[in-house]
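Worksheet for the structure shown next.
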Amino acid sequence: MQKILIPTDFSENAWNAIDYAMQLFRNKRCTFYLLNTYTPVIPSSRFMAKMVDGVRIVDAVRESSERGLQKTVARIKSKYGNPNHTFETISSFNLLMEEVKDIVETLGIHLVVTGTKGASGVDEVFMGSNTVRIIKSTKKCPILAIPYNFEFVTPSEIAFATDFNRFYTTSELSPLLEMAKMFKATIRIVHVQYGIKALSELQQFNLNMLRRYLGDVEHYVHTVSELNSVSHTLEMFSKELDIHLLALLNYQHSYMEKMTREPIIKRTAFHTQIPLLVIPELGMEGISIEEEQEEEQKMESHH
């Protein structure tokens with residue numbers, strides 16, 4: 001049973017992410033937790049109205065949040081009516097990222113699905129600031145970010161962008177493998193290089209391990225040279241190969257971190273045109289070569 005958290009602010013952007021999730025997981029038994037957070041402005045001055053027609057402002061906001069969630073669930077059920085899916089609603093007086101972090105930890109959420117458009121509706125932003133905040137603060141759970149106007153396509157082509165500078169653990173790769181197996185997808189490992197050069201020994205080792213983990217999932221390695229920024233390069237690659245989903249691991253010095261830090265000018269080209277699966281670092285912090293070799297031997301003995 002998958003537990004999936006979907007934050008919503010009742011916008012079309014949020015509905016689009018819900019729509020995508022319903023179709024993506026149509027054949028899987030899931031519980032969807034729909035979350036709406038609200039932080040009403042509490043008037044501080046004693047001259048300001050704490051009550052409007054005898055209703056406390058906080059209560060009014062909470063009621064409209066709860067009503068909005070009920071309406072969303074009704075809308076999903078009337079459109080999909082999928083017996084595999086159950087729904088829980090959470091209405092919370094809290095900041096979005098704080099609440100997401102809490103729910104992920106307390107309920108053991110497997111995936112967070114969110115729309116990418118910022119509340120400001122500025123297209124030039126790499127991703128809505130809320131999405132970026134969720135990605136930065138949710139360290140325990142993969143996040144699937146759905147672009148505002150992306151129409152659902154069964155992801156049969158998945159790109160996984162990496163520089164091979166890091167050793168991946170099986171648990172870190174499992175969200176990627178699950179997706180690939182669920183849709184019998186091809187994985188395209190993309191390595192963006194600034195000037196093409198041979199892989200170092202460490203990179204080669206990490207690539208070999210990665211290929212071994214992918215096992216019988218069809219996969220290819222593509223090395224592409226950087227076009228003025230990582231985000232732009234990945235965008236062009238995804239367009240050319242008609243990629244339906246781009247997966248990135250989020251750790252220090254990773255592509256994902258570079259992209260959230262790239263100067264705005266460089267990022268304007270990247271309007272996350274396709275869904276982005278951001279996989280958290282599950283921490284084999286400071287894994288030593290001995291441990292890596294032990295892992296290798298374990299894998300050898302399994303084969």
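Between I146 and the options I18, N16, N13, I6, a side-chain contact (heavy atoms from CB on, under 4.5 Å) holds for only N16.
Q203 approaches A198 most closely through the heavy-atom pair OE1-O, 4.4 Å. Nearest approach of P175 to E172, heavy atoms of both residues: CD-O, 3.2 Å. The shortest non-hydrogen separation linking A145 to P147 is O-CD, 3.7 Å. Scanning all heavy atoms of the two residues, the minimum distance from V217 to L177 falls at CG2-CD2, 3.9 Å.
Contact check for R26 versus N82: side-chain heavy atoms found under the 4.5 Å cut-off. Taking 4.5 Å as the limit, some side-chain heavy atom of L176 sits within range of a side-chain heavy atom of I279. At a threshold of 4.5 Å between non-hydrogen side-chain atoms, the residues L95 and T37 do not count as touching. Counting heavy atoms from C-beta on, the side chains of L96 and E99 never come closer than 4.5 Å. Annotation: side chain of L277 is not in contact with side chain of L246 (no heavy-atom distance under 4.5 Å). Counting only heavy atoms from C-beta outward, the side chains of R75 and K71 never approach each other to under 4.5 Å. With a 4.5 Å cut-off on side-chain heavy atoms, Y80 and H85 do not count as touching. When side chains are defined from C-beta on, V278 does not count as touching T138, because their heavy atoms never get closer than 4.5 Å.
Within the 3.5 Å criterion, the main-chain N or O of T223 finds no donor-acceptor partner in the side chain of H191. The main-chain N or O of L107 is found under 3.5 Å from a side-chain atom of K3 such that the two form a donor-acceptor pair.
Once rounded to the nearest 0.5 Å, the distance linking CD1 of I4 with CD of E88 reads 13.5 Å. In this structure, NZ on K181 lies 9.0 Å from CG on L214, to the nearest 0.5 angstrom. Here CE of M209 is found 10.0 Å from CG of L173. Values are rounded to the nearest 0.5 Å. Atom CZ in F10 sits 12.0 Å away from atom CH2 in W15 (nearest 0.5 Å). For the atom pair L199 CG and N206 CG, the distance stands at 10.0 Å (nearest 0.5 Å). Going from atom CD1 of I243 over to atom CD1 of I274 covers 6.5 Å, rounded to the nearest 0.5 Å.
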(request) Please lay out, stage by stage, how Y38 and S91 fare under the test side chain to side chain contact (heavy atoms under 4.5 Å, CB included). (result) CA-CA 8 Å; Y38 56 92; S91 173; 3.4 Å; yes
(request) Check the pair E235, S238 against side chain to side chain contact (heavy atoms under 4.5 Å, CB included), reporting the backbone distance first and the verdict last. (result) CA-CA 5 Å; E235 189 188 15; S238 303; 5.8 Å; no
(message) Could you go through L24 and M179, starting from their C-alpha distance and side-chain angles, then the distance that decides it, and tell me whether this counts as side chain to side chain contact (heavy atoms under 4.5 Å, CB included)?
(response) CA-CA 10 Å; L24 188 69; M179 282 280 186; 3.6 Å; yes
(message) Walk me through whether T89 and Q70 qualify under side chain to side chain contact (heavy atoms under 4.5 Å, CB included).
(response) CA-CA 8 Å; T89 61; Q70 294 312 328; 3.6 Å; yes
Let me check something: any side-chain donor-acceptor pairs from residues 152-164 under 3.5 Å, sequence neighbours excluded? List them with distances.
residue, atom, partner, partner atom, Å
E157, OE1, R188, NE, 2.6
T162, OG1, F164, N, 3.0
T162, OG1, Y168, OH, 2.3
D163, OD1, N165, N, 3.0
D163, OD1, Y251, OH, 3.4
D163, OD2, N165, ND2, 3.3

Distance-only criterion, 3.5 Å: show the donor-acceptor pairs between side-chain atoms of residues 28-36 and protein atoms not counting sequence neighbours.
residue, atom, partner, partner atom, Å
T31, OG1, T86, OG1, 3.1
N36, OD1, S65, OG, 2.6
N36, ND2, T8, O, 2.9

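A centroid separation of less than 6.0 Å is found between the aromatic rings of H222 and F237.
V113 is connected to I76 through a chain of hydrophobic side-chain contacts under 4.5 Å among Ile, Leu, Val, Met, Phe, Trp and Tyr, so both are in one cluster. Note: the hydrophobic cluster containing M97 does not contain L276 (ILVMFWY, side chain heavy atoms under 4.5 Å, direct or indirect links).
Heavy-atom contacts from other residues, nucleotides or ligands closer than 6.0 Å to NZ of K197 number more than 12.
Ion pairing between a basic and an acidic side chain is recognised when a charged N comes within 4.0 Å of a carboxylate O; R166 and E281 show such pairing.
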